[in-house]
Amino acid sequence: MSNLIVYGGSPLRGRITPSANKNAVLPVLCATLLTRAPLRLIGVPDITDVRKILDIFRTLGSQVQLDEASGVLSLHHQHTLFDAAMHRLPEEMRSSIMLVPPLLARFGVARLEDNVKGCTLGVREIDPHVEVLRHFGAQVERTEGSLLVRRNDDLQPVQHWLDYASVTTTENFVLCAVSAPGTSTLTNAASEPHVQEFCRFMQMLGARIEGVGTSHLVVHGGAELGGGEFRFAEDFHEITTFLALGAITGGDVVVKNSTPENFPLIDRTFAKFGVRVEHADGWSRAFVDGPLAVQTPFTANVLTKVEAAPWPYFPVDLLPIFIALGVRAQGNAMFWNKVYDGALGWTGELSKFGAHVFSSDPHRIVTFGGGQLTPAVVESPYIIRVAIALFMVAASIPGRSEIRNALPIRRAHPRFVENLRSLGAQVEWTSEE
């Protein structure tokens, strides 16, 4: 178990260049199996999930060269071979499911471990993926400990309407559709920034995709895909995280941001807690005039709300970051997770700091902020942004705190502690056997 020790109470100040979004990088890595041409990816983060996928590529015989210092990855899948009886896809990583369509298209078969999973966010069913695969003409059967996916002929183009705007299901649809000769359409597609970035990568390879950034995608499949060079943008989650760290500690953190067009709603959500965000010359900065304070809505008899749902709603993954701000800000606010039913159970840990948080139901909580908080030892569930939210609260409180089981942070944020230290934080990793 890896824990974070922090001595809080110091304002964080400085400049940060964030890493790429793992939720864009991982599907892009999976998609590279669709081409035999050489590829060069720039800005690949050195995180555990990336390492797992690259290890699989090496096992399959692909040429893999990663310069960890610069984040430049060279890939060539010219001589890649897959044997469903021998090769296993990474477990403990939900993005493994996006390796299935490329393997299916290239080798006619793929096998997925039955217990593949990611963060413990609640029920995350595999059925939408199975439905997409079968819709394109694949056969999916459950074997002992795994799912076996096969195709006897070419995948067939389809028209499909998702039950809900799932990110990974949308990406899996696109991966299948580019391999299916003809035109496929998807309604109720996810449109998050990382989905758009993934689609731009596919377009760079030569895929014809219409409607990127909308809920309706049209994919013209069957063309041979090529290679090239692709540069990842900074992760909007990490940008927001470091802006929030500056705000909650009363500091001044400036973050590199080449996509400010993704931030209007995030900026307005910051403003609900008295934080003003400015974007200029490729950088973003958060300002706080005095203590954090929940802003009273115009309809004064209702609570200030942060409602999180699929894009273009406020991003669900960022909700814990703003719950941390709500705990510190003077006033009351309601937080509503409209996606996951098990993502707010961790808020009881905030009471160890002395915070007052009321759970309305599995999807909603209310923070009663601004009270006196004290250092604490808290336990994080296996959810990336929750570990960071607990760290944020600890960093804002003078004294020694410990966030246990903070390892999920390493799944998304390389050099997290090193970046924090560059801002003046007193923080270190420690292991408990």
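The shown structure was predicted, so the numbers you read here are calculated from the model rather than taken from an experiment.
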Keeping the roles fixed (side chain from [X], backbone from [Y]), state whether a donor-acceptor pair exists under 3.5 Å.
| X | Y | result |
| --- | --- | --- |
| R328 | L292 | no |
| E238 | F236 | no |
| H77 | A37 | no |
| T367 | G369 | no |
| E349 | S380 | no |
| Q196 | S191 | yes |
| N257 | G282 | no |
| T35 | G226 | yes |
| E197 | A233 | yes |

Is any side-chain heavy atom of [X] less than 4.5 Å from a side-chain heavy atom of [Y]?
| X | Y | value |
| --- | --- | --- |
| V277 | I266 | no |
| F270 | L325 | yes |
| I384 | H413 | yes |
| I126 | L112 | yes |
| L423 | F242 | yes |
| L373 | V393 | yes |
| F201 | L41 | yes |
| V357 | S351 | no |

So L33 and F82, side-chain contact (heavy atoms from CB on, under 4.5 Å) or not? Walk me through it.
-> CA-CA 11 Å; L33 280 171; F82 177 78; over 6 Å; no

Rounded to the nearest 0.5 Å, what separates atom [atom1] in [X] from atom [atom2] in [Y]?
| X | Y | atom1 | atom2 | value |
| --- | --- | --- | --- | --- |
| F232 | H194 | CZ | NE2 | 13.0 Å |
| T17 | I239 | OG1 | CD1 | 10.0 Å |
| T304 | N332 | OG1 | CG | 9.0 Å |
| R415 | L420 | CZ | CG | 11.0 Å |
| M392 | L245 | CE | CG | 5.0 Å |
| L29 | I56 | CG | CD1 | 12.5 Å |

Which residue, L175, L217, N188, forms the side chain to side chain contact (heavy atoms under 4.5 Å, CB included) with T170?
-> L217

Give me the one residue out of L99, I53, I97 that meets side chain to side chain contact (heavy atoms under 4.5 Å, CB included) with L89.
-> L99

Given K256, E234, H279, E278, the one that forms side-chain hydrogen bond (donor to acceptor under 3.5 Å, both in side chains) with S284 |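 The passing option is H279.
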
Please lay out, stage by stage, how D83 and L81 fare under the test side-chain contact (heavy atoms from CB on, under 4.5 Å).
-> CA-CA 7 Å; D83 184 345; L81 294 173; over 6 Å; no

For W311 and N262, run side-chain contact (heavy atoms from CB on, under 4.5 Å): C-alpha distance rounded to whole Å, both residues' side-chain angles, the deciding distance at 0.1 Å, then the answer.
-> CA-CA 10 Å; W311 192 273; N262 292 329; 4.1 Å; yes

Minimum heavy-atom distance between [X] and [Y], given as atom pair plus value:
| X | Y | result |
| --- | --- | --- |
| E379 | L390 | O-CD1, 4.0 Å |
| L225 | A207 | CD2-N, 3.8 Å |
| C176 | L133 | SG-CD2, 3.8 Å |
| L344 | F335 | CD1-O, 4.5 Å |
| P45 | S19 | CB-CB, 4.1 Å |
| M98 | E171 | SD-OE1, 3.1 Å |

Residues in side chain to side chain contact (heavy atoms under 4.5 Å, CB included) with A309, at least two apart?
->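 Testing A309 for side chain to side chain contact (heavy atoms under 4.5 Å, CB included), a comparison that skips the adjacent residues, returns Y313, K338.
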
Ring centre gap for F173 and F136 strictly below 6.0 Å =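 Yes, the ring centres sit under 6.0 Å apart.
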
Throw together a table of side-chain donor-acceptor distances under 3.5 angstrom for residues 4-16, partners on residues two or more places apart or in other chains.
none

Determine, step by step, whether R421 and E418 satisfy the salt bridge (charged side-chain N to carboxylate O under 4.0 Å, His left out) criterion, reporting the C-alpha distance in whole Å, the side-chain angles of both residues, the deciding distance to 0.1 Å, and the verdict.
-> CA-CA 5 Å; R421 287 174 179 161; E418 292 83 353; 5.5 Å; no

Tell me, which pairs form a salt bridge (Lys or Arg N to Asp or Glu O under 4.0 Å) where one or both residues lie in residues 201-220, sequence neighbours left out?
->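 Applying salt bridge (Lys or Arg N to Asp or Glu O under 4.0 Å) to every pair that reaches into residues 201-220, excluding sequence neighbours, yields nothing.
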
I would like to know whether D55 and R58 meet salt bridge (charged side-chain N to carboxylate O under 4.0 Å, His left out); could you show each step before the answer?
-> CA-CA 5 Å; D55 285 344; R58 294 185 182 99; 3.1 Å; yes

Would you please test L60 and F107 for side-chain contact (heavy atoms from CB on, under 4.5 Å) and show each step?
-> CA-CA 12 Å; L60 301 182; F107 304 105; 5.6 Å; no

Around K352, counting heavy atoms of other residues, nucleotides and ligands shown, do more than 12 lie under 6.0 Å from its NZ?
-> yes

CD/E261: more than 12 non-hydrogen atoms of other groups inside 6.0 Å = yes

Test log, rule salt bridge (charged side-chain N to carboxylate O under 4.0 Å, His left out), inputs R285 and D252 = CA-CA 7 Å; R285 188 176 188 179; D252 183 11; 2.4 Å; yes

